[in-house]
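For reference, the structure is listed below as structure tokens.
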Amino acid sequence: MSPDAEGDSPATLRSIAGTIRERAITARAVVEGYLNRIEKLDEQLHCFHETCAGHALAAAEAIDEQLDLDQDVGPLAGVPVAIKDNLATDFGHTTCGSRILEAFKSPYTGTAVQRLVDAGAVILGKTNCDEFAMGSSTEHCAFGPTRNPWDPERVPGGSSGGSAAAVAAGLCPAALGSDTGGSTRQPAAFCGVVGVKPSYGRVSRYGLVAFGSSLDQIGTIGRTVEDAAVLLGVIAGADPRDSTCSDAEVPDYLKLINETPPNLRIGVPRQYLSDDNAPEVNEAIERAVNLYKALGAEIVDIDLPLTDYGIATYYVIAPAEASSNLARYDGIRYGRRAELEKGEDLYDLYARSRAEGFGPEVRRRIMLGTYALSAGYYDAYYKRALQVRRLIKQEMDQAFEKCDALLGPTAPTPAFAIGEKVDPLSMYLCDVYTTAANIAGICAVSLPCGYAEAGETRLPIGLQIQCRAFDEATMFRVARMFEANTKYSGTRPPAL
Amino acid sequence: MTDRLSLDEVRHVAKLARLRLTDEQLQQYRGQLSTILDHIAKLEALDVEGVEPMAHPGDLTNRLDADEVGAMLDLEQVLSIAPATESQFLAVPKVLTDEEGS
């Protein structure tokens, strides 16, 4: 089986690495296959901001040479991976989908990407995202939107829309995204792939351009649960360069992945099956619940009344942290600097560089966060949001005393049309089921669980599984149970 | 459109945030931010009396490293990404004005 052949059943990361290690195909040929597919399909889809063909081919050739010499190569040797463009790489650009960093080249590579490279992975390029990861559709990218491979008139979700769409379209076998309020899971749901938000502290944030520092995590995207778990196993674990990164040991996620956790209790929060969801979404989740029941899991009714307060809490905390983090873009040390006119001073340089460099959504969130932190409003907004954050965390903790995993939809609807969500609040409400995991710091995964018919095509629906902080091992096993008994994972969009 | 924010408040926030916005943009943000703040106002319905604010998930505490010189970026790398430099310095417009005694 050729990993790059169109129409073939797509290969897993382990099978690609195995085929290369056995010399059945060269790493170079694998990389060329994906680069050709990008060349052919990405003009329409616009998943990549930039491919790094020269860099990728040189890295692949180096792997082939190591294999010629019988040298030890890493577990991902020759496996192509795409990287969201808010992850710093010392090759190519790191733009975060923003004009303010349009020409920026990072002088260093972040920890997660470096660990992939050290494991032998070949970085194909940088994928599109909403500017500074602020958005749920990838429409807020300064360099144009990414299109959903299931229907190019629809969004791929966001903010890691380029990464999710690239995996769905077979432009790369796996990718990294980032998740501050759902930015890995929701695009994975919209594109019919698997997306993981690890527990806060599971993966080093060194080299992830900061958005909301108490919420951000780098996430993995793959066609299957196993692929997403393989990638997480490589990038997770202690890092002296991020003091918020946990020293906790990283288990071998593959070891028990095919085994049902003993005495499994699946919690179904009644708020997650809201009448506001698309009917196909609720039907798909109900089918999933029934499948777990048939597989022997105990189904537990859970009450999470604070679900309805997640968006309000998140849209104080995340913009507050963003307004502080994005203060670094001042036109002085790096990034875009405005041309000053005669008589203008340092304040003008800051204010013009930032107004010209940031797009409308980023400006909006900076304003919102600045307001929430400003004198006279701090207690009413920021402090109160942090108090509600604790209440949400307590509510989740209590739920996990009654069950081992929380099941529900990743998003209330399948992918919406490009240009459909004009009002910012309506876009924010897409995150209703995803922000809680970031607020509480727990882990969560989205995997495909059904389709909604939409004219000529059908659109994937995502099943979200949330587990206790640092219990990714259970999360992967619960996700794998569903995947092993259904045929959704790994399905390519019909036109591709 | 709600009027939770006045135009002057929006202008003040833009100044604090160092964003030079046009009057049209300020008007637009006034409406959008007011709508978002109206949604956020639902937090007022919750009783948070005595609840410890949670700035961060998990129980991580400050971690101290040994005071040793580690790998760092060299000057050339830092200067190469700056928008304007003069010899080994970052160049900026004049900071002190004449009235302030430059």
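Just so you know, these numbers use all the heavy atoms, side chains as well, and skip hydrogens, waters and symmetry mates. In what follows, every chain begins at residue 1, and chains take the letters A, B, ... in the order their sequences are listed. From a predicted model like this one, the values you see are computed outputs, not experimental measurements.
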Side-chain donor-acceptor pair present, A:Arg363, B:Tyr29, cut-off under 3.5 Å
yes
Residue selection (most heavy-atom pairs with chain B, distance under 4.5 Å) from [options]:
| options | value |
| --- | --- |
| A:Leu391, A:Ile332, A:Asp247, A:Leu346 | A:Ile332 |
| A:Ala351, A:Pro360, A:Ala355 | A:Ala351 |
| A:Ser214, A:Ala385, A:Ala372 | A:Ser214 |
| A:Ile442, A:Leu340, A:Asp348 | A:Asp348 |
| A:Arg333, A:Glu321, A:Lys393 | A:Arg333 |
| A:Asp423, A:Asp308, A:Ile311, A:Ile439 | A:Asp308 |

[X] versus chain B, heavy atoms under 4.5 Å apart: side chain, backbone, both or neither?
| X | result |
| --- | --- |
| A:Asp90 | neither |
| A:Ala440 | backbone |
| A:Leu326 | neither |
| A:Tyr350 | both |
| A:Pro107 | both |
| A:Ser323 | neither |
| A:Tyr314 | neither |
| A:Leu306 | side chain |
| A:Thr313 | both |

Where do B:Pro57 and A:Gly441 come nearest, in terms of heavy atoms and distance?
CB-CA, 3.7 Å
Measure across B:Ala91 and A:Arg337 and return the closest heavy-atom pair with its distance rounded to 0.1 Å.
O-NH2, 2.7 Å
Kindly state whether the ring of A:Tyr428 and the ring of B:His39 have centres lying under 6.0 angstrom apart.
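No - the distance between ring centres of A:Tyr428 and B:His39 does not fall below the 6.0 Å cut-off.
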Could you tell me the separation between the [atom1] atom of [X] and the [atom2] atom of [Y], rounded to the nearest 0.5 Å?
| X | Y | atom1 | atom2 | answer |
| --- | --- | --- | --- | --- |
| B:Leu5 | A:Leu368 | CG | CG | 9.0 Å |
| B:Leu19 | A:Arg352 | CG | CZ | 13.5 Å |
| B:Met54 | A:Arg389 | CE | CZ | 4.5 Å |
| A:Gln387 | B:Leu46 | CD | CG | 10.5 Å |

Interface moiety of [X] toward chain A, non-hydrogen atoms closer than 4.5 Å:
| X | answer |
| --- | --- |
| B:Asp74 | neither |
| B:Gln25 | side chain |
| B:Leu90 | side chain |
| B:Leu73 | side chain |

[X] versus [Y]: any side-chain heavy-atom pair under 4.5 Å?
| X | Y | answer |
| --- | --- | --- |
| A:Tyr377 | B:Glu9 | yes |
| B:Val10 | A:Tyr371 | no |
| B:Leu43 | A:Tyr381 | no |
| B:Val51 | A:Val388 | no |
| A:Tyr200 | B:His56 | yes |

Taking it one step at a time, do A:Glu344 and B:Arg20 satisfy salt bridge (Lys or Arg N to Asp or Glu O under 4.0 Å)?
CA-CA 13 Å; A:Glu344 291 190 312; B:Arg20 168 149 313 164; 3.4 Å; yes
Between B:Leu21 and A:Met367, does the side chain to side chain contact (heavy atoms under 4.5 Å, CB included) criterion hold? Intermediate values first, please.
CA-CA 11 Å; B:Leu21 303 179; A:Met367 300 268 288; 3.9 Å; yes
Run the side chain to side chain contact (heavy atoms under 4.5 Å, CB included) check on A:Leu349 and B:Val92 step by step: do they pass?
CA-CA 9 Å; A:Leu349 184 136; B:Val92 296; over 6 Å; no
Run the side chain to side chain contact (heavy atoms under 4.5 Å, CB included) test on B:Leu16 and A:Leu373 for me, step by step, so that the C-alpha distance in whole Å, both residues' side-chain angles and the decisive distance to 0.1 Å come before the verdict.
CA-CA 11 Å; B:Leu16 291 176; A:Leu373 292 174; over 6 Å; no
Any salt bridge between A:Asp330 and B:Arg18, counting N to O under 4.0 Å?
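Between B:Arg18 and A:Asp330 there is no salt bridge, as every charged N stays at least 4.0 Å from the carboxylate O atoms.
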Are the side chain of A:Arg384 and the backbone N or O of B:Pro53 linked by a donor-acceptor pair below 3.5 Å?
no
Check the surroundings of atom [atom1] in [X]: do more than 12 heavy atoms from other residues, nucleotides or ligands lie under 6.0 Å from it?
| X | atom1 | answer |
| --- | --- | --- |
| B:Lys15 | NZ | no |
| B:His12 | NE2 | no |
| B:Gln88 | CD | yes |

